[in-house]
Chemist: 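Here it is: the structure, laid out below.
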Amino acid sequence: LIAGKGGEGGVLGAAPKAKILPVKVMDDSGKSDGFAIAKGIVYAVEKGAKIINLSLGTTSETTLLDSAIDYALGKGVLVVAASGNEGKEGENYPSTVDGVLCVGAVDGEKWKAAFSNYGPKVDLVAPGVLVASAAPTGGIVLMSGTSSAAPLVSGAAANVWSENPNWSAEKVAEKLMAEADDLGSPGADDWYGSGLVNL
């Protein structure tokens, strides 16, 4: 979704020239803990990552993960996280951490996806229903979730940053929100944040 090259049978990502640093923080069943995620964040920062995409979430906050995110933000890294897929008011942690770009999902009609968590922390939304992505076994798979929306915002951020390499993470985030297509109530709102990211 971020760096797909497209071509025959492939998916064109939001930022096909981006370089990906893959960091596995979940086990094969999709489970993890605050320590593993925090360790992955610190590793990514130390390896020079400029954007960290967190397509994950929980309802339990941890001091260790807070510290890792603060470390990343302090190093000028842009942290993007999914709002969560329970369809409830109240975004999942760590998308709620101050300074993290919180991403919700919309469907093909630009309506908030029924599963997309919402609230005052949502900054942006991106397509998150039946999004074409690369399957682990090869070929294409259709995915739904805020975990599909977040990487599209991360890719958009990579594009903005590559065009403006001297910008701060905060300025990149501000640009994405300023250029978003306003949805829902005029201005920022709990369902769509500043609106649909405009690639």
Side-chain angles (χ1 to χ4, degrees), residues 1-3 13-15 18-86 88 90-106 113 115-128 131 133-134 136 143-161 169-170 172-173 176-177 193-194 197:
L1 291 172
I2 295 173
K19 293 181 180 177
I20 298 292
L21 172 69
V23 182
K24 184 172 179 175
V25 297
M26 316 290 276
D27 66 20
D28 291 340
S29 62
K31 305 293 183 186
S32 189
D33 56 47
F35 177 77
I37 299 167
K39 188 176 177 184
I41 289 171
V42 171
Y43 174 86
V45 173
E46 291 178 346
K47 289 292 184 180
K50 297 287 288 178
I51 301 167
I52 294 177
N53 185 84
L54 298 173
S55 286
L56 50 84
T58 179
T59 55
S60 305
E61 298 186 20
T62 70
T63 304
L64 188 62
L65 187 48
D66 279 348
S67 298
I69 291 171
D70 286 345
Y71 173 70
L73 297 174
K75 292 290 188 178
V77 174
L78 179 63
V79 181
V80 179
S83 70
N85 302 325
E86 290 76 34
K88 64 181 176 69
E91 309 87 337
N92 281 349
Y93 176 82
S95 73
T96 52
V97 175
D98 287 344
V100 172
L101 203 57
C102 176
V103 181
V106 294
F115 56 75
S116 186
N117 293 353
Y118 59 96
K121 290 290 189 178
V122 173
D123 293 303
L124 289 165
V125 291
V131 178
S133 181
M143 298 173 55
S144 294
T146 55
S147 288
S148 300
L152 296 178
V153 171
S154 293
N159 286 326
V160 171
W161 223 337
E170 291 82 4
V172 171
L176 291 176
M177 290 189 284
S194 293
V197 66

Chemist: Which heavy atom of Ala14 sits nearest a heavy atom of Gly155, and at what distance?
Modeler: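 So the minimum-distance heavy-atom pair works out to CB-CA, 3.8 Å.
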Chemist: How long is the span from the OG atom in Ser154 to the CD1 atom in Ile51, to the nearest 0.5 Å?
Modeler: 6.0 Å
Chemist: Is there a side-chain contact between Tyr71 and Ile41, using heavy atoms and a 4.5 Å cut-off?
Modeler: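 No - every pair of side-chain heavy atoms lies 4.5 Å or more apart.
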Chemist: Can you tell me how far CG of Leu64 sits from CD1 of Ile37, rounded to the nearest 0.5 angstrom?
Modeler: 10.0 Å
Chemist: Could you pull out the closest heavy-atom pair between Ile20 and Ala3, with the gap in Å?
Modeler: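 The pair with the smallest heavy-atom distance is CG1-CB, 3.8 Å.
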Chemist: What distance do Met143 atom CE and Leu1 atom CG have between them, rounded to the nearest 0.5 Å?
Modeler: 6.0 Å
Chemist: What's the shortest heavy-atom distance between Ala82 and Thr146, and which atoms?
Modeler: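 It is CB-OG1, 3.3 Å.
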Chemist: Do Ile52 and Val80 have side chains that get closer than 4.5 Å, going by heavy atoms?
Modeler: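 No; the side chains remain at least 4.5 Å from each other.
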Chemist: For Leu152 and Pro127, which heavy atoms make the closest approach, and how far apart are they?
Modeler: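 Closest approach of Leu152 to Pro127, heavy atoms only: CD1-O, 3.5 Å.
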Chemist: On a heavy-atom basis, which atom in Val77 and which in Ala49 lie closest, and how many Å separate them?
Modeler: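 Scanning both residues, the minimum pair turns out to be CG2-O, 3.4 Å.
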Chemist: Please round to the nearest 0.5 Å and tell me the distance separating atom CG of Leu65 and atom NZ of Lys39.
Modeler: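 That separation rounds to 14.5 Å.
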Chemist: Kindly say whether Met177 contributes a backbone atom to a donor-acceptor pair with the side chain of Asp123 at under 3.5 angstrom?
Modeler: no
Chemist: Please determine whether the number of non-hydrogen atoms from other residues, nucleotides or ligands lying under 6.0 Å from atom NZ of Lys88 exceeds 12.
Modeler: yes
Chemist: A side-chain contact here means heavy atoms from C-beta on lying under 4.5 Å apart; do Leu101 and Leu176 qualify?
Modeler: yes
Chemist: May I ask you to test the Ser32-Leu56 pair for a side-chain heavy-atom distance under 4.5 Å?
Modeler: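 In short, these two side chains do not touch, never coming nearer than 4.5 Å.
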Chemist: Working to the nearest 0.5 Å, report the span between OG1 of Thr62 and CZ of Phe35.
Modeler: 11.0 Å
Chemist: Can any side-chain N or O of Ser194 pair as donor or acceptor with the backbone N or O of Leu124 at less than 3.5 Å?
Modeler: no
Chemist: Do the side-chain N and O atoms of Glu91 and Asn117 include a donor-acceptor pair separated by under 3.5 angstrom?
Modeler: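 No, no side-chain donor-acceptor pair sits under 3.5 Å.
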Chemist: Write down the atom of Gly104, the atom of Val122, and the distance for their closest heavy-atom approach.
Modeler: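 Reported closest heavy-atom pair: N-CG1, 4.3 Å.
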Chemist: Are any non-hydrogen side-chain atoms of Val97 and Lys121 less than 4.5 angstrom apart?
Modeler: no
Chemist: When you compare the side chain of Tyr93 with that of Val100, does any pair of heavy atoms fall below 4.5 Å?
Modeler: no
Chemist: Would you find a donor on one side and an acceptor on the other, under 3.5 Å apart, between the side chain of Ser116 and the backbone of Ala105?
Modeler: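 Indeed, once roles are kept as given, a pair shorter than 3.5 Å links the two residues.
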Chemist: Just verifying a value: how many Å separate Asn92 CG and Cys102 SG, rounded to the nearest 0.5 Å?
Modeler: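 The distance works out to 9.0 Å.
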Chemist: Has the side chain of Ser147 got a donor or acceptor atom that lies under 3.5 Å from a matching backbone atom of Ser55?
Modeler: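 Yes, because the side chain of Ser147 sits within donor-acceptor range (under 3.5 Å) of the backbone of Ser55.
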